[in-house]
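One structure is given below, encoded as C-alpha coordinates.
These values consider heavy atoms only, across backbone and side chains, with no hydrogens, waters or symmetry-generated copies. All residue numbers in this chain count up from 1 along the given sequence. As the structure is a computational prediction, the values presented were derived from the model and not from experiment.
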Amino acid sequence: MDDQTKLELEAAAFRRLQAHLAERTDVQNIDMMNLAGFCRNCLSRWYQEAANARGIEMSKEEGREAFYGMPYAEWREKYQTEANDAQKAAFVVSHKEHG
(Lines give C-alpha, C1' and ligand atoms only; values in the text may rest on other atoms or scores of the structure.)
Protein backbone atom coordinates (compact mmCIF):
# COMPACT_ATOMS: atom_id res chain seq x y z
CA MET A 1 0.00 0.00 0.00
CA ASP A 2 1.39 3.41 -0.90
CA ASP A 3 1.71 6.20 1.66
CA GLN A 4 -1.08 8.36 0.18
CA THR A 5 -3.56 5.49 0.26
CA LYS A 6 -2.58 4.69 3.84
CA LEU A 7 -3.05 8.36 4.81
CA GLU A 8 -6.48 8.44 3.16
CA LEU A 9 -7.59 5.24 4.92
CA GLU A 10 -6.39 6.55 8.29
CA ALA A 11 -8.25 9.82 7.70
CA ALA A 12 -11.41 7.91 6.73
CA ALA A 13 -11.18 5.79 9.88
CA PHE A 14 -10.73 8.93 12.01
CA ARG A 15 -13.75 10.59 10.38
CA ARG A 16 -15.82 7.46 11.02
CA LEU A 17 -14.76 7.41 14.68
CA GLN A 18 -15.64 11.10 14.96
CA ALA A 19 -19.06 10.51 13.37
CA HIS A 20 -19.69 7.47 15.57
CA LEU A 21 -18.94 9.45 18.73
CA ALA A 22 -21.15 12.29 17.49
CA GLU A 23 -24.01 9.79 17.13
CA ARG A 24 -23.35 8.21 20.54
CA THR A 25 -24.00 11.21 22.73
CA ASP A 26 -25.26 8.77 25.36
CA VAL A 27 -21.66 7.68 25.95
CA GLN A 28 -20.11 10.11 28.39
CA ASN A 29 -16.46 11.17 28.20
CA ILE A 30 -15.83 9.92 31.74
CA ASP A 31 -17.01 6.45 30.71
CA MET A 32 -14.63 6.50 27.73
CA MET A 33 -11.79 7.60 30.01
CA ASN A 34 -12.59 4.87 32.51
CA LEU A 35 -12.74 2.12 29.89
CA ALA A 36 -10.30 3.21 27.21
CA GLY A 37 -8.09 5.88 28.74
CA PHE A 38 -9.10 8.54 26.21
CA CYS A 39 -12.19 10.53 25.30
CA ARG A 40 -13.50 13.11 22.86
CA ASN A 41 -11.45 15.81 24.58
CA CYS A 42 -8.28 13.78 24.05
CA LEU A 43 -9.11 13.36 20.38
CA SER A 44 -9.77 17.08 20.01
CA ARG A 45 -6.46 17.84 21.76
CA TRP A 46 -4.58 15.45 19.46
CA TYR A 47 -6.23 17.18 16.49
CA GLN A 48 -5.15 20.59 17.84
CA GLU A 49 -1.61 19.34 18.50
CA ALA A 50 -1.37 17.96 14.95
CA ALA A 51 -2.50 21.31 13.55
CA ASN A 52 -0.02 23.21 15.72
CA ALA A 53 2.79 20.83 14.69
CA ARG A 54 2.07 21.75 11.07
CA GLY A 55 2.25 25.46 11.85
CA ILE A 56 -1.53 25.95 11.97
CA GLU A 57 -2.53 28.07 14.94
CA MET A 58 -5.40 26.35 16.72
CA SER A 59 -6.54 26.94 20.28
CA LYS A 60 -7.90 24.29 22.62
CA GLU A 61 -11.43 25.59 22.05
CA GLU A 62 -10.96 25.65 18.26
CA GLY A 63 -9.72 22.05 18.38
CA ARG A 64 -12.73 21.01 20.43
CA GLU A 65 -15.15 22.77 18.09
CA ALA A 66 -13.48 21.10 15.09
CA PHE A 67 -13.88 17.67 16.71
CA TYR A 68 -17.29 18.11 18.36
CA GLY A 69 -18.80 19.94 15.38
CA MET A 70 -20.05 22.70 17.69
CA PRO A 71 -18.70 24.82 20.52
CA TYR A 72 -17.74 22.58 23.43
CA ALA A 73 -19.96 24.54 25.85
CA GLU A 74 -22.94 23.82 23.61
CA TRP A 75 -22.11 20.10 23.45
CA ARG A 76 -21.78 19.93 27.24
CA GLU A 77 -25.10 21.70 27.72
CA LYS A 78 -26.89 19.36 25.30
CA TYR A 79 -25.31 16.02 26.10
CA GLN A 80 -23.06 15.90 29.15
CA THR A 81 -24.53 14.59 32.37
CA GLU A 82 -23.13 14.94 35.87
CA ALA A 83 -20.79 12.08 36.68
CA ASN A 84 -22.15 9.82 39.38
CA ASP A 85 -20.14 8.58 42.36
CA ALA A 86 -19.36 5.24 40.69
CA GLN A 87 -18.02 6.96 37.57
CA LYS A 88 -15.91 9.31 39.66
CA ALA A 89 -14.52 6.44 41.75
CA ALA A 90 -13.69 4.42 38.62
CA PHE A 91 -11.91 7.46 37.17
CA VAL A 92 -9.72 7.77 40.27
CA VAL A 93 -8.85 4.07 40.15
CA SER A 94 -8.18 3.98 36.41
CA HIS A 95 -5.92 7.00 36.54
CA LYS A 96 -3.84 5.88 39.53
CA GLU A 97 -2.29 3.33 37.20
CA HIS A 98 -1.50 5.95 34.56
CA GLY A 99 -0.78 8.96 36.74
Side-chain angles (χ1 to χ4, degrees):
M1 177 182 312
D2 64 79
D3 289 344
Q4 183 61 36
T5 300
K6 181 179 178 190
L7 180 68
E8 291 170 7
L9 294 175
E10 290 168 347
F14 175 82
R15 287 189 300 271
R16 182 63 192 106
L17 173 61
Q18 185 180 24
H20 178 76
L21 292 174
E23 293 168 9
R24 292 297 311 269
T25 57
D26 60 308
V27 178
Q28 296 295 300
N29 282 337
I30 193 166
D31 295 322
M32 293 176 63
M33 287 297 293
N34 289 343
L35 293 172
F38 75 98
C39 69
R40 293 171 185 88
N41 290 336
C42 298
L43 290 163
S44 70
R45 186 182 71 247
W46 299 338
Y47 186 88
Q48 174 204 3
E49 290 170 355
N52 293 162
R54 295 183 61 104
I56 300 166
E57 288 295 320
M58 182 178 289
S59 69
K60 178 179 176 178
E61 286 305 313
E62 289 170 329
R64 284 183 172 181
E65 186 166 346
F67 188 81
Y68 282 88
M70 66 182 72
Y72 180 57
E74 181 181 337
W75 189 90
R76 280 191 347 230
E77 184 178 311
K78 286 183 174 184
Y79 305 114
Q80 187 168 308
T81 61
E82 181 66 31
N84 63 39
D85 290 341
Q87 290 169 315
K88 291 175 186 177
F91 185 83
V92 170
V93 169
S94 70
H95 285 75
K96 278 184 184 176
E97 299 169 6
H98 300 96

Output yes when a side-chain donor or acceptor of [X] lies under 3.5 Å from a complementary backbone atom of [Y], and no otherwise.
| X | Y | value |
| --- | --- | --- |
| S94 | A90 | yes |
| E8 | T5 | no |
| N34 | F91 | yes |
| N84 | K88 | no |

Would you say that more than 12 heavy atoms from the other residues, nucleotides or ligands in this model lie under 6.0 Å from the CG of D2, or not?
yes
Has D26 got more than 12 heavy atoms of other residues, nucleotides or ligands less than 6.0 Å from its CG?
yes
Heavy atoms only: give me the nearest S44-G63 pair and the separation to one decimal.
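Reported closest heavy-atom pair: CB-O, 3.6 Å.
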Where I30 and A83 come nearest, the two heavy atoms and their spacing:
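Closest approach of I30 to A83, heavy atoms only: CD1-CB, 3.8 Å.
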Taking the side chain as every heavy atom from C-beta outward, state whether [X] and [Y] have any atom pair closer than 4.5 Å.
| X | Y | answer |
| --- | --- | --- |
| F67 | W46 | no |
| M58 | Y47 | yes |
| Q80 | Q28 | yes |
| V27 | Y79 | no |
| K6 | E10 | yes |
| L7 | Q4 | yes |
| Y72 | K60 | no |

Could you tell me the separation between the [atom1] atom of [X] and the [atom2] atom of [Y], rounded to the nearest 0.5 Å?
| X | Y | atom1 | atom2 | value |
| --- | --- | --- | --- | --- |
| R64 | R40 | CZ | CZ | 12.0 Å |
| L17 | H20 | CG | NE2 | 7.5 Å |
| M70 | E77 | CE | CD | 11.0 Å |
| Q48 | E57 | CD | CD | 9.5 Å |

Side chains of D31 and Q87: donor-acceptor distance under 3.5 Å anywhere?
yes
Pick from L43, N41, L21: which one makes a side chain to side chain contact (heavy atoms under 4.5 Å, CB included) with Y68?
N41
